[in-house]
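Comments concern the structure below.
Just so we're on the same page: letters track the sequence lines, and every chain starts at 1.
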There are 2 protein chains.
Amino acid sequence: MSYTYEHPRPALTVDCVVFGLSDCSLNVLLIQRANPPFQGQWAIPGGFVDMDEALDDAARRELQEETGIKNLFIEQLYTFGSVDRDPRGRVVSVAYMALVRQADYRPQHADDAADADWFAVDSLPELGFDHQQILAMAHDRIRSKVQYQPIGFELLPRKFPLRDLQRLYEIILDREIDKRNFRKKMLNMDVLEELDEFEQNVSHRAARLYRFNRRKYQQRLKEGFHFEI
Amino acid sequence: MSYTYEHPRPALTVDCVVFGLSDCSLNVLLIQRANPPFQGQWAIPGGFVDMDEALDDAARRELQEETGIKNLFIEQLYTFGSVDRDPRGRVVSVAYMALVRQADYRPQHADDAADADWFAVDSLPELGFDHQQILAMAHDRIRSKVQYQPIGFELLPRKFPLRDLQRLYEIILDREIDKRNFRKKMLNMDVLEELDEFEQNVSHRAARLYRFNRRKYQQRLKEGFHFEI
DNA sequence: GCAAAAGTGTTTCGGGTACACCCATGT
DNA sequence: ACATGGGTGTACCCGAAACACTTTTGC
């Protein structure tokens, strides 16, 4: 089967920067390329956009093929279209950023990848294509966006102690935060649900668990509320 | 001439939301479509991406064809790729936003447009395609970005009185701003150059002119400075 | 009882906001 | 002289930041 057009068309792909969080670092999911170009090098997962799927759907599909996870948070980042960004020819790529609960699954690599693994954002391997640049932009985006939108919760389990939320911000923003001020501000925003559950299996006093209440957040937004760290 | 590919490819276009400022409104440049679909309706200027030009270059080129202006401020906005957004088939469009000094030129329409004109953003005509949505996103973007990046200057003449700068913010943000506080804040940022020139041909005391000093701004950025209205 | 982390208020400081009058210029 | 807009300083208030001790739990 082949397709013919009057004018030449660039190929169109989506690439997806997947962020996860571990105890002490913000991580991204990379795949090791099984085929040329950049065979053996690490890269951001991605693939071609089908004719009958929207860009967001393509990103979600690729991500599911690479990771097995559905229903996650994704957001369009930027579209990269330098003429020479892919040695195989003109390829324009719509980059997405996704946030996942890293503990929920093991990376599984698709056929076009030799391997898939997490890397801390501050110690990345060399990347193929312009993926270094895409990743840098994604990192900037998450750093700034986490401060004024409640997207951090996408990286945590549904139920979490405040300490973990604070640690999340400390890791992403790369600065220490005062515990009392943090709790005060976070709880005052009134978008967290205080649960009657506590951490398990800790060798010290167990912390209370909280849950992000999206409904309450949406409601507060309408009242002119503004999420901010 | 025709081009054949193994897999089908969406067509790729750039669309450009051009903002200008007049005495009392923020405006966008629209063209009236000369051909179907949506013939006779107003739309955002745009066109196909050539194989040997980067996306930004395509946006700049289209813009120059539509308006005759080069060297203006452009910024990528978002990529729109719903399956049915164009009745002619699958067309993915990378949307840009541009800011121009509206007084500097008259709109001139290209061959594919019957007409081109400015419309105040708060009284737009009905638009073809998903251009209403693109425009709404551009409007959101300029509104939020103008508050933390010095892009407003792109809409003003090089030399301007502070009153005009304040009016710009009042128009874009749609709220009144206190004159003394505005001047204090703006001058304290130390990115404006106080000129020894004054307005001409006004029937009252002439205001001093200022100029945005980009070099000083870049330098202050490195010192950890943060532009904000 | 000791190690480890949870949980909790008050004071201080700086920046944002509110606010009104005199001055320069052209007609 | 008057109409029009240019230009200027101070007081208050609120939210951000700094800061240390007691409590709970497991070992």
Checking all strands, does A/R183 fall into the base, sugar-phosphate, or nothing category for heavy-atom contacts under 4.0 angstrom? base
Euclidean distance, atom CZ of residue B/F182 to atom C1' of C/dG16 [Å, nearest integer]: 15 Å
Whether the B/Q76 and B/D56 side chains hold a donor-acceptor pair (N or O, under 3.5 Å, no angle test) is what I'd like checked. no
Measure CG/A/L192 against P/C/dG7 and give the value in whole Å, please. 13 Å
Measure from the ring center of A/F38 to the ring center of A/F129 and say whether it is less than 6.0 Å. yes
Testing B/R211, B/R215, B/K216 for side-chain hydrogen bond (donor to acceptor under 3.5 Å, both in side chains) with B/E193, which one passes? B/R211
At under 4.0 Å between heavy atoms, how does the protein contact nucleotides 18-27 of chain C? Give one character per nucleotide, 5' to 3', with B, S or -. BBB--BBBS-
Have a look at B/R208 and tell me which of B/D196, B/L162, B/L195 forms a side-chain contact (heavy atoms from CB on, under 4.5 Å) with it. B/D196
Given A/F160 and A/F153, is the ring pair (Phe, Tyr, Trp, His ring centres under 6.0 Å) satisfied, shown in steps? CA-CA 9 Å; A/F160 52 85; A/F153 304 105; 5.7 Å; yes
Whole-Å distance, B/I229 CD1 to C/dG16 P, equals 11 Å
Does CZ belonging to B/R158 count more than 12 external heavy atoms closer than 6.0 Å? no
Using a 4.0 Å cut-off to any heavy atom of chain A, which nucleotides of DNA chain D are the first and last in contact, reading 5' to 3'? D/dA17 to D/dG26
Just the rounded figure in Å: distance from C1' of C/dA6 to CG of A/L162. 10 Å
Output the rounded distance in Å from CZ (A/R163) to P (C/dG7). 9 Å
Would you mind reading off the distance between B/Q147 atom CD and C/dG16 atom P, rounded to a whole angstrom? 13 Å
Can you tell me if NZ on A/K159 sees more than 12 non-hydrogen neighbours from other groups inside 6.0 Å? no
Does CG belonging to A/N188 count more than 12 external heavy atoms closer than 6.0 Å? yes
